[in-house]
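The block underneath contains the structure these notes are about, expressed in structure tokens.
In the text below, chain A, chain B and the rest are named by the order of the sequence lines, each starting its count at 1.
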Amino acid sequence: MLDKTYQPAAIEPRISAAWDDSGAFKAGAGTSPDGQSDTYCIVIPPPNVTGSLHMGHALNNTLQDILCRFERMRGKDVLWQPGTDHAGIATQMVVERQMMERGEPDRRTIGRDAFLEKVWAWKAESGGTIVNQLKRLGASCDWSRERFTMDEGLSQAVLKVFVQLHKDGLIYKDKRLVNWDPKFQTAISDLEVVQVDAKGKIDWSADDDEDATGPEFASLEKALARSPGGQMYHFRYPLSQDGSRHIVVATTRPETMLGDTGVAVHPEDERYTTLVGKMLKLPLVGREIPIVADEYSDPEKGTGAVKITPAHDFNDFEVGKRCNLARINIFDEHAAIIDGEEADESDIPAAYRGLDRFKARLAIIKDMYEAGLLAKIEPTTHQVPHGDRSSVAIEPFLTDQWYVNAAELAKPALAAVRGGSTRFVPDRFANDYYRWLDNIQPWCISRQLWWGHQIPAWYGPDGEVFVAHDEAEAAELANAHYGKQVDLSRDPDVLDTWFSSALWPFSTLGWPEETPELARYYPTSALITGFDIIFFWVARMMMMGMHFQKDVPFKDVYIHGLVRDAHGNKMSKSRGNVLDPLDIIDGVTLEDLVAKRTAGLDKERTNRVAKEVKREFPEGIKPYGTDALRFTMASMAAQGSDVKLSIDRIEGYRNFATKLWNASRFAEMNECVRQTDFDPASVNETINKWIVGETERAATAVTAGIEAYKFNDAAGDAYEFVWDVFCDWYIELIKPILNSDEESAKSETRACVAWVLDQVLKLLHPFMPFITEELWAHMVEYGEKRQKMLAVSRWPQPTGLQAPDADAEIKWVIDVISEVRSVRSEMNIPAGAKIPVHLIGADRSIKDRANRHEDTMSRLARLDDIRFEDTAPRASAIIIVGETTIAIPLEGVIDMDAERARLKKEISEAESDLAKMDAKLANPKFVEKANPAAVEETRERKAELEGLMAKLSAAMARLDT
RNA sequence: GGGCGGUUAGCUCAGCGGUAGAGCACUUCGUUGACAUCGAAGGGGUCACAAGUUCGAACCUUGUACCGCCCACCA
């Protein structure tokens, strides 16, 4: 027997283990004996190998699992390819932080090999976490095929791609400005830069400050320390020939003036025409720099004259190129002002050498002030680029890096989506994809990190580069080049993590080997991911897939939203509102939850977060089980919208699981045993014909929902069918049959219940795999032992079974019961009291119906008699169900005023509806132009309402006599 | 500056041309042999605003307001 209550914790581990043992999720497991099964393949968006499961993963993987389980049950050969990503910067950062916390020497001290050993150790230690968590979620991946981006095989793919693209001229080395992250001291790509607003507060002008050259700077300095960013500084740059004349330039980055090599004005800006070509003397430095004319300069902005720092600004770099300006680098890799030999060559004044960029800024402002060359400080709001991982301001920095010619690779990738080979769902995301790829810049792929795929490039003594699959091959190339053996040194840099991720759909299938899996499963069927990585990942997989496989990596790209908290806020550590999927599944005490959410926060935040948590979860979080979480995710995954997750909602779906559990208990207790030869087409009982039709409708709706990636619709349809149709009506309506001694009706109904329940378990399985698998196994106690697990049994096939007569009859029964209940409640008839009803003027067919369902109606509406009469008793409540008039005689019990009020309300509702129909039909244009079906529907509705009105009015008149 | 979403019941959201829906919350009643993690009955909405198209608009068009996101640039 099933336990009285459903305990997810008690069954989930056992079911997981059973799935594992069965090998049911292995690629090819679903292949028919002739090997002809259609394939269905999804590659998992690989989570960071050292990461742990968050709500984004829970949503993402629930949706993938729904699709995979659905298709597997539909008989396809499903491969859900799992794996993890080495996540270059993120992982290296974690390990470095750990080393720091433990007071160990830093990575540069211990060296590359020793450091990598530590990272691998950390991977070994924590690498299984996320995989195990995905298993807890029920992810039906083929775990035997788990891959890691730095596996030998996947590394071979990276090598091959790099070498090939280099050979094709699509990977090259270049010296240009990159986004430099001074914290990690590496280049990062455009996508890894986020803009952060800097808002200034200081408003100061030399004109208001008579003596703007004295030591009064102190107060200004304090203000600057309080409001370090967001100011626009106006500097006077004196002319070389006449130091009393100057040009005013504006800048938000005073420190870069040390690298200024020109000032640009617009060629048509009359204020400056006479000055073009003249020289300025760069203050504090003394360097002679020219005034140049360039269209980049906008007369409307600032002073119309713009200082040019070609080595530290993307726009200035271009201006410098056009106007032949020198590039003077003023920073080292920490973004401090350079020192030493290089500084000598750049004539950086000694005072600033070695200063951090922000200290240098302050020093320069001060010195400019004291030189009387600071004209103005204006508050402004501007955006400062920051590294998305490091959260420090990035610095445009002139370095040698490796680039991919993305514009070239983008062409077939764009064509594939434009041509429909790959489809975005929802399709509006295709526009983002086009816009980005149409304007794509070279992709900087080298990173000055150690954790990752080291770039397969070797340098000769003169710097000549040899790109090869391995050192031996590079040596051969070098030999050929130099005509002798030379010492080679390998490029120390590694590749952007996304470079290897871009190969994921084919590298995980075995490429560069020509494996059977590659042939069978590529292109994959669908990619399920969030919009935040369309550029990082989706677009790049498209580029690499098209280039190396000559085919798209996936046919559909389903883009889901972000998981937010119940109030719509982004979940974040610092906000302290992060819900951990495992806490939802297993539950967590208040103490543990507070501890988790406040870990690593400062004192002020800890207090705020702790208070908030105590308010929101006074009793911690109860264990809701995986299925409840999954069902919630599916129900809320409406296309194109974010998921706002609330505990209330999860609790509701946990209740749904309990409901299903108890419906199964009911079936079990009533010996509703599965009959292997049960044929839903052959049922005789009206109620069974009805539920067979309802089941068919539900199956069709759920199937259509999943096929269309409308997970919320599919989940909603299944929910409604199970709760509102199967539990609330079918089970209630058959109780009299099951309690009767009509053996044939009884046995048919038992078999039918078992059959419907089987269909229900199947329909719900993609959403709630654990409880359905458990119930599936349980429902065999008296029946024939099942051969297969639910996970590999067959999805309900369309039966086409509909029984309109049965539908009409059951609908009538349901309506009668509902209406009687409603009257009982409104008339305040005690719930326990049994009452008689009179069917007024019922014809043969109504009488038959009433007789057939007497037991059921009596039971559910608490009736003690159903009589057929020609007229209603004087004191009675009247209800109308279709053509049937039902009187509830309640002499002495009924409250006449209440009944009058009730009828009045019904009449007024009917009147208002009728008026609408009349108005429509009275409009000749409606009759003339509207869809004939709509007109007919309106006429029918009108007739119906008129019938209702007549009956209600009669009832009212009777009441008043 | 350019683009994309959103604005529907107290809350969170579906619906996207033809009788305004769900879950939760709320009110009343209920220990009837699956289930109180439940059942029954109810209350609650000029579908942000304005103009248009249409026989008919929550739904289509345009505009406005507010909220959110993405991209680019601002010396």
Side-chain angles (χ1 to χ4, degrees), chain A residues 2 4-6 195 232-234 249-253 256 263-264 296-298 300-309 313-316 380-383 426 428-429 431-432 435-436 439 531-532 534-535 561-562 566-568 622 624 628 632 635-636 638 640-649 651-670 710 712-713 716 719-720 727-728 731-732 735 739 817-818 821-826 828-832 859-860 862 913 916-917 919-920 923-931 933-935 937-938 941 945:
Chain A
L2 285 167
K4 175 123 199 231
T5 50
Y6 157 58
Q195 304 294 336
M232 184 80 76
Y233 302 88
H234 293 245
V249 296
T251 180
T252 55
R253 303 218 40 202
T256 61
V263 165
Y296 164 67
S297 179
D298 181 350
E300 305 288 312
K301 281 184 189 159
T303 59
V306 56
K307 68 193 245 342
I308 301 297
T309 321
D313 181 282
F314 289 97
N315 288 311
D316 291 7
T380 173
T381 299
H382 67 127
Q383 296 189 311
R428 69 182 147 88
F429 287 106
N431 293 327
D432 290 336
R435 188 174 35 74
W436 190 68
N439 300 296
F531 57 80
D532 50 331
I534 291 178
F535 307 146
L562 219 62
H567 313 287
K622 289 182 222 146
Y624 293 108
T632 307
S635 298
M636 304 195 68
S641 67
D642 289 342
V643 171
K644 282 182 205 167
L645 198 61
S646 74
I647 294 289
D648 286 347
R649 203 70 191 249
E651 190 164 295
Y653 292 119
R654 186 276 317 264
N655 294 353
F656 176 60
T658 306
K659 188 77 182 172
L660 176 67
W661 184 266
N662 281 302
S664 304
R665 277 184 80 223
F666 171 83
E668 192 180 41
M669 292 165 84
N670 285 280
K710 295 192 170 174
N712 59 322
D713 286 349
Y719 180 98
E720 195 186 294
C727 292
D728 283 354
I731 286 183
E732 293 305 326
K735 279 176 181 173
N739 292 331
I817 294 167
S818 300
R821 281 169 167 175
S822 180
V823 168
R824 291 182 63 116
S825 173
E826 282 180 58
N828 293 316
I829 297 167
R859 178 194 170 88
L860 295 182
R862 310 246 351 126
D913 284 353
K916 281 185 206 161
M917 300 305 132
K920 267 186 165 184
N923 180 352
K925 285 181 177 168
F926 173 68
V927 182
E928 187 184 317
K929 293 192 175 178
N931 183 332
V935 177
E937 207 182 303
T938 308
R941 177 93 182 114
L945 285 166

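Checking B/rG30, B/rA41, B/rG5 against every side-chain atom of A/A831, the shortest atom distance belongs to B/rG30. The side chain of A/S822 lies closest to B/rA41, out of B/rA41, B/rC24, B/rC35. For A/Y296, whose side chain is taken as the heavy atoms from C-beta onward, the closest listed nucleotide among B/rC55, B/rC74, B/rC69 is B/rC74. With distances taken from any side-chain atom of A/S825 to the nucleotides B/rA41, B/rC55, B/rC38, the minimum falls on B/rA41. Distances from the side chain of A/R665 to the nucleotides B/rC35, B/rA41, B/rU32 place B/rC35 closest. The A/Q383 side chain lies nearest to B/rA72 when the options are B/rU37, B/rA72, B/rA34.
Across all strands shown, A/D432 has no heavy atoms under 4.0 Å from either base or sugar-phosphate atoms. Counting non-hydrogen atoms under 4.0 angstrom, A/T252 reaches the backbone sugars and phosphates but no base. At the heavy-atom level, A/R821 lies under 4.0 Å from the strands shown only through sugar-phosphate atoms. Looking at heavy-atom distances under 4.0 Å, A/T658 makes contact with a base. The residue A/F656 sits apart from the nucleic acid: no heavy atom pair falls under 4.0 Å. Residue contacts for A/E720: at a heavy-atom cut-off of 4.0 Å it reaches no nucleic acid atom on any strand shown. The residue A/D728 sits close only to the backbone: its heavy atoms come under 4.0 Å of sugar-phosphate atoms, none of a base. Residue contacts for A/R253: at a heavy-atom cut-off of 4.0 Å it reaches no nucleic acid atom on any strand shown.
For the C1' atoms, the distance linking B/rC13 with B/rC47 amounts to 13 Å, nearest Å. A gap of 8 Å separates the C1' atoms of B/rA58 and B/rA20, to the nearest Å. Here the separation of B/rC70 from B/rC60, taken at their C1' atoms, is 26 Å to the nearest Å. Here, B/rG5 and B/rA41 have their C1' atoms 40 Å apart, quoted to the whole Å. Separating the P atom of B/rG21 from that of B/rG15 is a span of 15 Å, rounded to the nearest Å. With C1' as the reference atom, B/rA57 and B/rA48 are 16 Å apart, rounded to whole Å. A distance of about 10 Å separates the C1' atoms of B/rA72 and B/rG3, rounded to the whole Å. Straight-line distance between the C1' atoms of B/rG63 and B/rG44: roughly 33 Å, to the nearest whole Å.
Between the side chain of A/N923 and the backbone N or O of A/A919 there is no donor-acceptor pair closer than 3.5 Å. Side-chain atoms of A/T380 do not come within 3.5 Å of backbone N or O of A/M232 as any donor-acceptor pair. When atom types are taken as modelled, the side chain of A/T256 and the backbone of A/R253 share a donor-acceptor pair closer than 3.5 angstrom. Side-chain N or O atoms of A/S825 include none that pairs as donor or acceptor with a backbone N or O of A/R821 at under 3.5 Å.
For B/rA72, its base never sits under 3.5 Å from the side chain of A/Q195 at any donor and acceptor pair.
Atom CE in A/M669 sits roughly 6 Å away from atom P in B/rC35 (whole-Å rounding). Regarding A/R435, its CZ atom lies at a distance of 14 Å from the P atom of B/rG2, rounded to whole Å. Distance, A/K659 NZ to B/rG39 C1': 7 Å, rounded to whole Å. In this structure, A/L860 places its CG atom 14 Å from P of B/rG33, rounding to the nearest Å. We find that CD1 of A/I534 is positioned 11 Å from P of B/rC71, with the value rounded to whole Å. Put simply, CG on A/N670 is 8 Å from C1' on B/rA34, counting in whole angstrom units. A straight line from CH2 of A/W661 to P of B/rA34 spans 17 Å, rounded to a whole angstrom. Protein atom CG of A/N923 is 13 Å distant from nucleotide atom P of B/rU54, rounded to whole Å.
Contact check for A/R435 versus A/N431: no side-chain heavy atoms found under the 4.5 Å cut-off. A/L645 is not listed as a side-chain neighbour of A/R649, based on a closest heavy-atom distance of 4.5 Å or more. Within the 4.5 Å cutoff, the side chain of A/Y296 has heavy atoms near those of the A/D316 side chain.
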For RNA chain B, the dot-bracket notation using Watson-Crick and G-U wobble pairs below 3.5 Å, [ ] for pseudoknot-type crossings and | for other-strand pairs, is ((((((((.[[[[.)..(..]]]].(((((.......))))).....[[[[[..)....]]]]])))))))....

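Between A/A305 and A/I731, the residue whose closest nucleotide on RNA chain B is further toward the 5' end is A/I731.
One finds a side-chain N or O of A/N315 lying less than 4.0 angstrom from the OP1 or OP2 phosphate oxygen of B/rC74. For B/rA34, one of the phosphate oxygens OP1 or OP2 lies less than 4.0 angstrom from a side-chain nitrogen or oxygen of A/K735. Residue A/N655 places no side-chain N or O under 4.0 Å from the OP1 or OP2 atom of B/rC35.
For the pair A/K659 and A/C727, the tightest heavy-atom approach, listed with the atom from each and the gap, is CE-CB, 3.7 Å.
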Reading nucleotides 11-19 of chain B from 5' to 3' and marking B where a protein heavy atom lies under 4.0 Å of the base, S where only the sugar-phosphate is that close, and - otherwise, the string is -BSS---BB

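Taking the six-membered ring for Trp and thresholds of 30 and 60 degrees, A/Y653 and A/Y719 have ring planes more than 60 degrees apart, a perpendicular arrangement.
When the shell of 6.0 Å around CD of A/E300 is examined, it contains 12 or fewer heavy atoms from other residues, nucleotides or ligands. Around the NZ atom of A/K735, the shell of radius 6.0 Å holds more than 12 heavy atoms that belong to other residues, nucleotides or ligands.
Ion pairing between a basic and an acidic side chain is recognised when a charged N comes within 4.0 Å of a carboxylate O; A/D913 and A/R941 show such pairing.
Atom NZ of residue A/K307 and atom CG of residue A/D313 lie 8.0 Å apart, to the nearest 0.5 angstrom.
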